[in-house]
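Below: one structure, written as structure tokens.
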Amino acid sequence: GQITDALAEEVLIITKRFGRANWDALNAKEKKDENIANGRSAFEAELKHAGLSLKEVMSPEILPMLTRRFSECGLPALQILKIWSWVYENTYNDDYKGLIRKAVLALADPAHIPALEEAVKSGTVFLRSAGLEMLADLSAEPGAKEAILAAAGDSSKQIREQVRNILVKH
């Protein structure tokens with residue numbers, strides 16, 4: 001409906017303003033915790049300024065729709081993944097984390113294989129895990145299996161086990 005579309009537009013504007021302008025600062029190794037705290041505060045302040053709450057954005061109806069809208073508005077898949085990864089990493093509510101993961105998994109599309117491969121190579125553990133899950137769903141597509149195999153040497157035991165489980169199934 002119109003309320004949902006208006007909400008999506010507001011969050012897209014906030015995300016573009018916040019996500020693109022401050023992403024490098026969030027990833028800076030120096031002062032990372034401070035940058036994350038500042039980024040979260042800025043994001044919540046922007047939501048508040050737009051008359052939104054984090055609870056409104058983190059609903060099962062809104063998150064997948066926002067992910068689709070971000071994509072429809074031309075935001076690159078890797079940028080969408082990074083935005084949701086940042087929100088996931090800075091959320092302590094397990095229900096929200098589940099909703100974020102579900103929204104991210106909606107990006108499983110053959111056109112996004114290069115972005116998923118990049119996410120698996122250099123993303124957070126959440127991004128690498130979600131990227132692998134999407135690549136497994138797309139394993140019949142060119143490039144997906146190679147991207148999965150490339151993650152076999154990951155430094156995270158969780159990721160190596162996930163790769164092993166994917167390879168056993170396929």
E146 side chain vs G143 backbone, donor-acceptor pair below 3.5 Å: yes
Whether S139 side chain and A136 backbone form a donor-acceptor pair below 3.5 Å: yes
Separation between CZ of R160 and CZ of R128, rounded to the nearest 0.5 Å: 10.0 Å
Atom pair CG/CG of L127 and L78 - distance to nearest 0.5 Å: 7.5 Å
Side-chain touch I80/H112, heavy atoms, less than 4.5 angstrom: no
Y88/V104 under side chain to side chain contact (heavy atoms under 4.5 Å, CB included): CA gap, chis, key distance, verdict: CA-CA 10 Å; Y88 181 92; V104 165; over 6 Å; no
Heavy-atom closest pair, residues L138 and A108: CD1-C, 4.1 Å
Nearest non-hydrogen partners of V120 and A151, listed with the distance: CG1-CB, 3.5 Å
Flag side-chain contact, heavy atom, 4.5 Å: I159 against Q162: yes
E61 side chain reached by M65 side chain, heavy atoms, under 4.5 Å: no
From CG (D94) to CG (L99), nearest 0.5 Å: 11.0 Å
Min side-chain heavy-atom separation L116-L81 under 4.5 Å: yes
Any donor-acceptor N or O pair under 3.5 Å, side chains S129, E133: no
Spacing of I166 atom CD1 and K145 atom NZ [to the nearest 0.5 Å]: 12.0 Å
Interatomic spacing from CH2 in W84 to OG1 in T124 - rounded to 0.5 Å: 14.5 Å
Within-4.5 Å side-chain heavy-atom neighbours: L105 and K102: no
Beyond-backbone contact of L75 with I83, side-chain heavy atoms, under 4.5 angstrom: yes
Whether S71 side chain and T67 backbone form a donor-acceptor pair below 3.5 Å: no
Validation row: K121, E117 side chains within 4.5 angstrom (heavy atoms): yes
Min side-chain heavy-atom separation D95-M58 under 4.5 Å: no
Which atom of K97 lies closest to which atom of T91, heavy atoms considered: CE-O, 2.6 Å
D109 CG to E141 CD distance, which is reported to the nearest 0.5 Å: 8.5 Å
Closest contact, heavy atoms only, I62 versus S59: CG1-OG, 2.9 Å
